[in-house]
Structure formats: structure tokens, C-alpha cells
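Quick caveat, the model's predicted, so the values are computed rather than measured.
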Amino acid sequence: MTVSSSGPSATPGDSLFEHVLVGIDETPESLVAAAQAKKLCAPNGRLELLAVAETYLAAHAGTAARSAE
């Protein structure tokens, strides 16, 4: 695959990105996305995971709200 018209050619196993950002949540698909993002990241690159937690639901946990949050 060609990165750009003047850029180098890369094989599918090559790392292409210096900085990769991926959004994750509690789903199994998010773990797959994070693993795929790691493969896209250059060896000395930066991988950032943006996690989403719906803490407003902790208010409905009653006495367990503190641990639910």
C-alpha cells in the first residue's frame, strides 16, 4: 500500500503512525480496536486510549455507588 504519492511504500505489517488515538469503552470490540491500534503504532510512537465511563449511572447504585463510580 502506498502512503502518499511521494511517500514510501509499506507492507501491511509495517508500522505507519507515530501517534495513534483510539476511543474505548467496556465492550469486547474496544479491546480489538486497541490491539489493532497498537499494531498501527510505530515502535517508538505514542498510543493513547481514550476511555469513556458513564459515572452518572453510579447514582442509581444506592449504597454501592462509591464502588460503582
Side-chain angles (χ1 to χ4, degrees):
M1 122 175 105
T2 303
V3 176
S4 69
S5 59
S6 62
S9 293
T11 62
D14 288 346
S15 299
L16 300 175
F17 300 101
E18 291 295 322
H19 183 199
V20 178
L21 172 66
V22 63
I24 59 171
D25 58 13
E26 73 281 354
T27 61
E29 292 82 6
S30 287
L31 295 176
V32 173
Q36 290 174 346
K38 183 178 179 184
K39 290 186 181 235
L40 290 173
C41 194
N44 293 329
R46 187 170 75 182
L47 173 62
E48 293 187 58
L49 302 176
L50 175 65
V52 176
E54 297 178 4
T55 58
Y56 71 89
L57 296 174
H60 301 288
T63 59
R66 186 169 209 167
S67 61
E69 185 176 8

Connecting only ILVMFWY residues whose side-chain heavy atoms lie within less than 4.5 Å of each other, what is the rest of L50's hydrophobic cluster? L21
A34: partners by side-chain contact (heavy atoms from CB on, under 4.5 Å), with sequence neighbours left out: I24, L49
Heavy-atom closest pair, residues A42 and E18: CB-OE2, 3.5 Å
